[in-house]
Amino acid sequence: MAKDIPRNMPDETLLGEAAKEADQKVWDLDTVLGFGNYQHFQIWVVQSLIAIIGALNYYHLVFMVSDPPEWGCVDDSIEACVDGAAETNICGGGEIYFNVSHQNFIHSLPVEHHWLCDKQILGPGVLTAFYVGMIVNSLVFGQLCDTWGRKPIFHLTNITFIVCRLVSFHITSHYVPFIILTALGTGFFPVGVRAGYTICAEICDEKGRKYAFISGWVWWVIGLAVLPFLAKYLGDWYTLGMATTLINIILLFFYPLLPESPRWLLGQGKFKEAAKIIETMRKVNKDAPIPNLPEILEKIANMDKKSTDATIGLLSVIKRKSLIRVSICMALLWSVNDYFYVAGSMNVENLAGDMFVNFSLLSLTEMPSVFIGQFLIDRFGRRWIHTICMVLSTVPFFICIFLVSNPDLGTVVVILSVFSKIASNVGWFIMWVQCIEVFPTPLRGTGMNVSVMISTLVTMTGPYVVDLGSQDLRYPFIIFTMFGVLGIVVSSLVPETKGMPLAERLEDIDDMVDNFKFFKWKTWRTSEELDQQKPT
C-alpha cells in the first residue's frame with residue numbers, strides 16, 4: 001500500500017521533497033521551457049506584428065522606386081532621350097508626360113525626380129544602397145545579437161530604421177545623402193526581424209517551434225500580399241514610405257513584453273536571469289514551479305560540455321571545419337533562395353498584366369508553402385525535400401527561357417513563374433528551419449546574419465538582372481536557371497536535422513558533419529527509438 005504524505009506536513013518539508021525530486025530528475029531545456037499561453041502570446045501577437053511590419057519595411061522601396069510604365073515628350077517631334085544627355089535635356093528641356101491611367105503607374109521617385117534615360121539607373125541604385133545596408137548591418141548587428149543579446153538588438157535596429165527612414169524621405173532631392181541614410185537605416189530587416197523570430201523560436205520546445213515557424217511565415221505573407229494594394233491605393237512614394245515606417249512605432253510599446261532568450265542567457269552564464277524569465281513563463285502557463293531552477297539551468301548548460309573556445313564569435317566559424325562547411329552551404333543556399341525570392345518578385349514588371357496584382361499573387365503563393373513544407377519535413381526530413389524543391393524551382397525557369405519572348409505565351413510564363421515561386425517558397429521555408437536548427441545557440445545570430453550578408457552581396461544584382469529583361473526577356477530566366485543548378489547541388493550537402501534537439505553547443509555541429517552520409521535518406525531516429533534511450 002502506497003505511503004501517503006501526512007496532510008499536516010510543514011510547507012518547508014514539502015518544498016524540500018520537491019527540491020530533492022527536482023535535483024534527481026534528468027532535465028532538458030525543452031522540458032523546462034514547456035509550451036503554453038506565454039509562448040502563444042509571443043508567437044501569435046508579438047511575432048505576427050513583427051512579421052507584417054517587417055514585410056512592409058522590406059519591400060516598400062521596390063514600389064517607391066518603380067519605373068514609370070509609359071512616358072514621353074508632350075512635343076512628339078522632340079526625341080525623349082539623347083545619349084549622354086543631362087536631365088535638363090530630357091525632351092529637350094520641354095514638358096514630360098506620364099500615363100497616369102496605366103494600371104502599373106505609381107507616383108514614384110523616378111517620376112517625381114525624372115530619373116529617366118541615363119538617370120534610370122538611380123532607381124536600382126536606391127535598392128543597391130538598401131542591400132549594402134543589409135550587408136553592413138548584418139555584419140555589425142549580427143554578431144552583437146550573439147554578444148549583447150537578441151532583445152536589445154531588436155529594438156536598437158527598429159529605432160535606427162524609423163529615424164533614418166523619416167529623415168531620408170525629406171532629402172530625396174539630394175541623392176547621395178538619401179542613399180546613405182537608406183543604407184544606414186536598413187537594420188530592422190534582416191537583423192531586427194530575425195532577432196525577434198529567434199527569440200520566439202528559442203523560448204519554445206520542439207512542438208512550439210513548429211507554431212513559431214508557421215506564424216512567422218503566414219503573417220509575413222499577409223504583409224507582402226497587402227503591400228502592393230496599399231501602394232496602389234496611396235498612389236505616391238512619400239505617403240507609402242511614411243505609412244510603412246511610422247507603423248514600426250507600435251513595436252516600441254512591446255519592449256516590456258518581449259523577453260530575452262533564455263537559451264542565450266544560459267550560454268552567457270546568466271542563470272538567475274534565465275530562471276526569472278522561465279519562472280514567469282511557467283507561471284503564465286500554469287506549470288508547476290521548479291525548485292532550485294538556477295542550479296538546474298546551470299547543470300543543463302554544463303551537461304556534457306566539451307567546448308574549449310575561450311570566446312565564441314565569428315572566429316569560431318573560421319576555426320572549425322564543420323562550421324566552415326555548414327556556413328558555406330547555408331550562405332550559398334540563402335543566396336539562391338533569396339535570389340529566387342527577391343529577384344523573382346521584382347521580375348513581375350517583366351510579366352504580363354498588372355504588376356500590383358502579380359506581386360500580390362506571387363506573394364500569396366507563399367501561404368501554402370509553410371504548411372506544405374512543415375508537412376513534408378515532419379515526415380521526410382529537411383535535406384532531400386529541400387533538394388527536390390530546388391529542382392522544381394529551376395525547371396520552370398529553364399522552360400521560360402524558350403517561351404518568354406512569345407507575347408502569345410505570356411499567361412503560360414506567368415503560370416510557370418507562379419509554380420516556380422511556390423516550390424522555391426517551400427525551399428526557403430525549409431532553409432529557414434535548417435538555419436535555426438543547424439547553427440548552435442551561441443552562434444545562431446552570427447551564422448544566420450553572415451548567411452544573409454553573403455546572400456545580399458549576390459541578390460543586390462537582382463534589380464540589374466531584372467532590368468536585363470528590357471533588352472531580352474530571356475536573360476533574367478537564364479540567370480535564375482544558373483542559380484537553381486547551384487542550389488540543387490548545395491542543398492544536398494547540408495546535414496539532416498530532423499529528430500535532433502536544437503543545437504546548443506559547437507560540438508553539436510561536429511556530430512552532424514561527422515555522421516553525414518550523402519546517399520542516406522533517413523538519418524533521424526523515431527520517437528520509439530528515442531524513448532528507448534531515455535533514462536528510467
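Atoms considered below: every heavy atom in the structure, side chains included; atoms not considered: hydrogens, waters and symmetry mates.
- Of all heavy-atom pairs spanning A331 and I454, the tightest one is CB-CD1, 3.7 Å.
- Side-chain contact between L166 and L246 is present, with heavy atoms from C-beta onward closer than 4.5 Å.
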- Item | Stepwise side-chain contact (heavy atoms from CB on, under 4.5 Å) check, I290 with L293 | CA-CA 6 Å; I290 302 176; L293 184 55; 4.1 Å; yes

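- Side chains of T387 and S491: a donor-acceptor N/O pair is present below 3.5 angstrom, by distance only.
- L266 and A274 get closest at one heavy-atom pair: CD1-CB, 3.2 Å.
- Every side-chain contact (heavy atoms from CB on, under 4.5 Å) that S393 has, sequence neighbours left out, goes to F340, S420, A423, S424.
- Between the side chain of E496 and the backbone N or O of R383 there is at least one donor-acceptor pair closer than 3.5 Å.
- Among residues two or more places apart in sequence or in another chain, the ring-ring contact (aromatic ring centres under 6.0 Å, His included) test is passed with Y38 by none.
- The environment of W432 atom CH2 is dense: over 12 non-hydrogen atoms of other residues, nucleotides or ligands sit within 6.0 angstrom.
- Side-chain atoms of P228 and Y59, non-hydrogen and from C-beta on, never get closer than 4.5 Å to each other.
- We find the CD1-CG distance between I50 and L258 to be 6.0 Å, quoted to the nearest 0.5 Å.
- Open room surrounds CH2 on W148; 12 or fewer heavy atoms of other groups in view lie less than 6.0 Å from it.
- The salt bridge (charged side-chain N to carboxylate O under 4.0 Å, His left out) pairs that include a residue from residues 249-263 are D30-R263, R263-E504, where partners are two or more places apart or lie in different chains.
- Within 6.0 Å of CZ on F518 lie more than 12 heavy atoms contributed by other residues, nucleotides or ligands.
- Side chains of R444 and T441: a donor on one and an acceptor on the other come within 3.5 Å.
- A 4.5 Å side-chain heavy-atom check between D378 and K210 finds at least one atom pair inside the cut-off.
- Nearest heavy atom pair, residue A55 against residue L227, reads O-CD2, 4.3 Å.
- For an aromatic pair to be called close, the ring centres must be under 6.0 Å apart, and Y197 with W220 fails this.
- Contact check for I430 versus C389: side-chain heavy atoms found under the 4.5 Å cut-off.
- Within the structure, every pair that satisfies the salt bridge (charged side-chain N to carboxylate O under 4.0 Å, His left out) test and touches residues 432-442, not counting sequence neighbours, is listed here: R382-E437.
- Pairs passing the side-chain hydrogen bond (donor to acceptor under 3.5 Å, both in side chains) check and including a residue from residues 278-289, sequence neighbours excluded, read Q39-N285.
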- Task: Check the pair F41 / V284 against side-chain contact (heavy atoms from CB on, under 4.5 Å), numbers first and verdict last.
- Result: CA-CA 10 Å; F41 174 81; V284 173; over 6 Å; no

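- In terms of the ring-ring contact (aromatic ring centres under 6.0 Å, His included) criterion, residue partners of Y255 (sequence neighbours excluded) are, by chain and number, H155.
- In this structure, OG in S335 is found 9.5 Å from CE in M431, a value given to the nearest 0.5 Å.
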- Task: Might you work through the side-chain contact (heavy atoms from CB on, under 4.5 Å) test for F271 and K299, ending with a clear yes or no?
- Result: CA-CA 10 Å; F271 307 114; K299 289 180 181 179; over 6 Å; no

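- Checked by atom type, the side-chain pair Y131/T186 shows no donor-acceptor distance below 3.5 Å.
- A salt bridge (charged side-chain N to carboxylate O under 4.0 Å, His left out) check over residues 268-278, counting only residues at least two apart or in different chains, returns nothing.
- Contact check for C204 versus I43: side-chain heavy atoms found under the 4.5 Å cut-off.
- The CD1 atom of I278 sits 5.0 Å away from the CG atom of L33 when rounded to the nearest 0.5 Å.
- When side chains are defined from C-beta on, I222 counts as touching V218, because their heavy atoms get closer than 4.5 Å.
- Pairs passing the salt bridge (charged side-chain N to carboxylate O under 4.0 Å, His left out) check and including a residue from residues 216-228, sequence neighbours excluded, do not occur.
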- Assess whether side-chain contact (heavy atoms from CB on, under 4.5 Å) is satisfied between I436 and F213, documenting all intermediate values. CA-CA 10 Å; I436 289 178; F213 295 149; 3.5 Å; yes

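- A tilted orientation is assigned to the rings of F130 and Y58, their planes being inclined by 30° to 60°.
- A donor-acceptor distance shorter than 3.5 angstrom exists from the side chain of S492 to the backbone of V489, with no hydrogens or angles considered.
- Between L234 and L240 the shortest heavy-atom distance is CD1-CA, 3.7 Å.
- The main-chain N or O of Y211 is never found under 3.5 Å from a side-chain atom of S215 such that the two would form a donor-acceptor pair.
- With values rounded to the nearest 0.5 angstrom, L332 atom CG is found 10.0 Å from F483 atom CZ.
- Checked against the 6.0 Å centroid criterion, the rings of F154 and F188 qualify as a close aromatic pair.
- Proximity of a side-chain donor or acceptor of T461 to a complementary backbone N or O of V458 within less than 3.5 Å is detected.
- Using a 30° and 60° split on the angle between ring planes, F359 and F63 fall in the perpendicular class, above 60°.
- Two residues are said to be in side-chain contact when any heavy atoms from C-beta on lie closer than 4.5 Å; Q42 and I203 meet this criterion.
- Judged as a salt bridge (charged side-chain N to carboxylate O under 4.0 Å, His left out), and not counting sequence neighbours, K151 has no contacts.
- Note that the CZ atom of F429 and the CD1 atom of I372 stand 11.0 Å from one another [nearest 0.5 Å].
- Applying the ring-ring contact (aromatic ring centres under 6.0 Å, His included) rule to W334 yields the partners W428; only residues at least two apart in sequence or on another chain are considered.
- Minimum heavy-atom separation, V191 to S138: CG2-CA, 3.7 Å.
- By the 4.5 Å heavy-atom criterion applied to side chains, R165 and N248 are not counted as neighbours.
- Annotation: side-chain hydrogen bond (donor to acceptor under 3.5 Å, both in side chains) contacts of S261 (sequence neighbours excluded): E202.
- Distance check, rounded to the nearest 0.5 Å: CE of M281 to CZ of F35 gives 10.0 Å.
- A side-chain donor-acceptor contact under 3.5 Å links N57 to the backbone of T244.
- Of the possible donor and acceptor atoms, none in the side chain of Q374 sits under 3.5 Å from a partner among the backbone N and O of I214.
- The salt bridge (charged side-chain N to carboxylate O under 4.0 Å, His left out) check on D205 picks up nothing, with sequence neighbours excluded.
- Residues M134 and P190 come closest through the heavy atom pair CG-CD, 3.8 Å.
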